[in-house]
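Structure record follows, encoded as structure tokens.
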Amino acid sequence: MTVTETPAAAGSVPAPTPSPEVARRAFPPGFAYGAATAAYQIEGASAEDGRTPSIWDTFSHTPGKVVGGDTGDIAVDHYHRFREDVRMMADLGLTSYRFSLAWPRIQPTGRGPAVERGLDFYRALCDELLAHGITPVATLYHWDLPQELESAGGWPSRETAFRFAEYAGLAAEALGDRVSTWTTLNEPWCSAFLGYGSGVHAPGRTNPADALKAAHHLNLGHGLAVGALRSALPAGSRIAVSLNLHAVRPLSRHPDDLEAARRIEAVGNRIFTGPMFEGEYPADLIADTSHLVDWSELVHDGDLAEIGRPIDLLGLNYYNPTVVSSADNAKDLPRHDGHGDSSHSPWPGAEDVAFHLANEDVTAMGWPIDPTGLSDSLTSLYRKHGLPLLVTENGAAFEDVVSADGSVHDPERIRYIEGHLGAIADAIEAGADVRGYYLWSLMDNFEWAYGYEKRFGMVHVDYDTLVRTPKSSAHWYSQVIRRGGLA
């Protein structure tokens with residue numbers, strides 16, 4: 001699909017309009033048009049009002065871990081500029097905003113009572129959102145584990161799951177009168193396998209057994225947190241989890257490539273969906289990884305019942321499909337899995353699987369652009385689990401350029417968003433119950449191990465002045481919201 005832009009006065013950002021061949025497609029009434037962020041990536045104020053270091057503070061301050069030695073100490077200073085940012089969201093017409101709570105801002109040591117100064121920030125943020133007619137959606141964990149808990153063992157330690165549930169209860173008691181939709185975990189696959197397997201994310205550990213233990217304890221923490229949230233939240237509140245499930249495709253129909261896809265799907269997807277929605281870890285996953293962990297010791301009596309507590313919504317984070325083959329069908333065992341460079345694999349039990357680009361149309365991250373993976377994932381998830389769905393992350397980094405007049409034109413991002421919104425419409429037409437879309441991200445920010453090198457925002461941030469400038473994609477998305485679809 002193509003996009004044409006209407007003329008605009010000098011210094012303004014032109015408002016693109018869909019080309020005539022774009023089908024006129026409306027989204028259902030009540031569909032959430034949102035954007036998403038994460039606390040460590042935008043808040044800054046890393047040592048203010050009682051906040052203590054998280055694993056990402058430690059990791060980013062470790063030489064060689066983040067591009068350019070960047071840290072989230074200031075990020076884009078959302079902590080002090082949140083009112084300005086909310087007004088910007090309202091001007092763009094967002095109906096919902098998904099943000100994460102910083103665990104070490106609320107419970108600095110990961111134990112004990114909450115710090116009211118930390119909670120006050122989130123109370124004020126939610127009040128500002130509600131005053132502008134924007135529904136707040138809170139994520140409890142977007143990777144910023146208090147460093148004190150990591151020093152005590154981190155997610156490979158069973159105790160961390162219980163500490164997470166305690167934190168969930170504190171947050172719900174404080175904010176449950178303002179926030180009606182809660183997400184327990186964001187992308188637990190990344191927390192477990194990039195944090196403890198390949199080491200490209202905090203805390204930077206590289207032990208496949210620890211990665212599998214972390215995955216189980218993240219699952220357990222999710223289930224325990226669901227219980228804590230149910231106990232503290234008002235009736236009618238909704239609870240979700242956001243999973244970056246891999247849209248796995250074999251390179252060919254050769255049996256070896258099909259087997260490679262099975263193995264990646266097991267450790268990439270079913271390690272979470274199995275216990276959360278089917279009451280068990282898949283037998284093939286256990287067989288693939290039994291040389292690394294003893295699952296009979298790792299999973300205690302009652303764990304699966306906790307993990308499988310019912311939730312109300314399933315969040316899907318999608319960026320690109322995952323194409324795999326056996327090592328025998330690849331020349332040099334490429335690992336184009338989109339998960340950073342490391343000599344340590346984030347795929348325990350499937351270390352010899354090769355990863356391939358789905359196509360050559362890629363973003364600045366090198367991720368292939370293929371919206372069909374989103375529509376396929378949404379339809380299959382709904383058919384299998386029957387839960388209402390949210391697309392809780394979807395977006396792209398491109399080489400954005402600031403024009404002489406100060407505007408930022410990003411037609412590539414517009415095409416990307418348009419294609420993926422179209423994929424959501426396809427899934428809805430196929431019967432999937434999709435309730436909302438959260439663009440990643442609201443604004444440029446600290447992009448984890450890539451520092452400030454990659455820009456995912458629909459709003460440009462000048463990192464020297466912190467001035468925010470909506471890009472063409474922001475104005476285009478605003479039009480979609482006001483029309484109620486791709487009409």
Side-chain angles (χ1 to χ4, degrees), residues 31-42 89 94-101 135-144 181-194 201 218 222 240-247 268-269 272-273 313-322 337-340 363-365 367-371 373-378 381 387-398 413 416-424 427 432 434-450 454-459 473-474 477 480:
F31 188 86
Y33 298 93
T37 63
Y40 188 72
Q41 293 181 270
I42 67 167
M89 295 180 217
L94 297 187
T95 66
S96 187
Y97 174 52
R98 177 175 174 258
F99 61 96
S100 77
L101 309 176
T135 300
V137 175
T139 299
L140 286 167
Y141 187 71
H142 200 133
W143 308 352
D144 47 3
T181 301
W182 293 76
T183 300
T184 56
L185 304 172
N186 181 79
E187 298 187 355
W189 187 89
C190 293
S191 297
F193 296 105
L194 302 185
H201 278 193
L218 283 155
H222 156 77
V241 65
S242 290
L243 304 177
N244 61 313
L245 300 174
H246 299 79
N269 296 346
F272 299 107
T273 59
L313 298 160
L314 174 57
L316 174 67
N317 293 1
Y318 174 85
Y319 292 92
N320 55 267
T322 301
D337 62 1
H339 295 305
T363 70
M365 296 289 289
W367 298 348
I369 301 171
D370 186 346
L374 177 57
S375 53
D376 290 347
S377 295
L378 290 169
L381 282 172
L387 279 169
L389 302 166
L390 295 171
V391 177
T392 41
E393 282 187 29
N394 172 250
F398 291 105
R413 186 172 288 105
Y416 182 98
I417 300 169
E418 182 180 51
H420 288 80
L421 286 173
I424 294 172
V434 186
R435 304 281 181 90
Y437 175 79
Y438 293 84
L439 176 66
W440 186 269
S441 177
L442 173 66
M443 53 189 163
D444 297 334
N445 54 49
F446 176 82
E447 185 49 40
W448 306 116
Y450 293 94
K454 305 296 185 184
R455 293 179 177 269
F456 276 84
M458 65 172 166
V459 174
S473 58
Y477 187 38
V480 171

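Just so it is clear, the values below take in all heavy atoms, side chains as well, and ignore hydrogens, waters and symmetry mates. Worth saying up front: this structure is predicted, and the values here are computed from it rather than measured.
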* **Check: Asn394 side chain, Tyr318 main-chain N or O, donor-acceptor pair, under 3.5 Å** => yes
* Asked: With distance as the sole test, does Arg98 use its side chain to make a donor-acceptor pair with the main-chain N or O of Thr392 at under 3.5 Å?
  -> yes
* So, the side chain of Ser100 versus the backbone of Thr139: is there a donor-acceptor pair under 3.5 Å, distance only? -> no
* Does the Ser441 side chain pair with the main chain of Ala36, one donor and one acceptor, at a distance under 3.5 Å? -> yes
* Would you call Thr95 and Phe31 a side-chain contact if the rule is heavy atoms closer than 4.5 Å? -> no
* Asked: Is Leu390 close to Leu314 at the side-chain level, that is, under 4.5 Å between some pair of heavy atoms?
  -> no
* Heavy-atom pair of closest approach, residues Ser375 and Ala423 -> CB-O, 3.3 Å
* Asked: Glu187 pairs by side chain to side chain contact (heavy atoms under 4.5 Å, CB included) with which of Phe193, Trp143, Phe272?
  -> Trp143
* pair Leu439-Leu94: side-chain heavy atoms closer than 4.5 Å -> no
* To do: Please confirm whether the backbone N or O of Ala364 pairs with a side-chain atom of Lys454, one donor and one acceptor, at under 3.5 Å?
  => yes
* Asked: Roughly how far, to the nearest 0.5 Å, is CZ of Phe456 from CD of Glu393?
  -> 9.0 Å
* Determine yes or no for a side-chain-to-main-chain donor-acceptor pair under 3.5 angstrom, with Arg435 supplying the side chain and Ala32 the backbone. => no
* To do: Would you indicate whether the side-chain heavy atoms of Tyr450 and Met365 approach each other to under 4.5 Å?
  => yes
* To do: Please examine the side chains of Met458 and Leu442, heavy atoms only from C-beta on, and report whether any two atoms are closer than 4.5 Å.
  => yes
* Applying side-chain contact (heavy atoms from CB on, under 4.5 Å), run through Ser377 and Leu245 and close with a yes or a no. => CA-CA 8 Å; Ser377 295; Leu245 300 174; over 6 Å; no
* Considering non-hydrogen atoms only, spot the tightest contact between Cys190 and His201 and give its length. => CB-ND1, 4.5 Å
* State, with a plain yes or no, whether a side-chain heavy atom of Thr363 is found less than 4.5 Å away from one of Phe398. => yes
* Structure fact -> Taken to the nearest 0.5 Å, the spacing of Leu313 CG from Trp182 CH2 works out to 14.5 Å
* To do: Look up atom CD1 in Ile42 and atom CZ in Phe446, then write down how far apart they are to the nearest 0.5 Å.
  => 13.5 Å
* Find the distance between CG (Asn269) and CH2 (Trp189) and round it off to the nearest 0.5 Å. => 10.0 Å
* Asked: What distance do Trp440 atom CH2 and Ile417 atom CD1 have between them, rounded to the nearest 0.5 Å?
  -> 14.0 Å
* Asked: Has the side chain of Asn244 got a donor or acceptor atom that lies under 3.5 Å from a matching backbone atom of Asn317?
  -> no
* So, does His420 use its side chain to make a donor-acceptor pair with the main chain of Tyr416 at under 3.5 Å? -> yes
* **Ring centres under 6.0 angstrom apart (His142, Trp448)** => yes
* Between CG of Leu316 and CG of Leu374, what distance do you get to the nearest 0.5 Å? -> 6.5 Å
* Asked: Is any side-chain heavy atom of Leu378 less than 4.5 Å from a side-chain heavy atom of Val391?
  -> yes
* Structure fact -> On a heavy-atom basis, the closest approach of Pro188 and Leu218 is O-CD1, 3.5 Å
* Taking the side chain as every heavy atom from C-beta outward, state whether His222 and Tyr141 have any pair of such atoms under 4.5 Å apart. => no
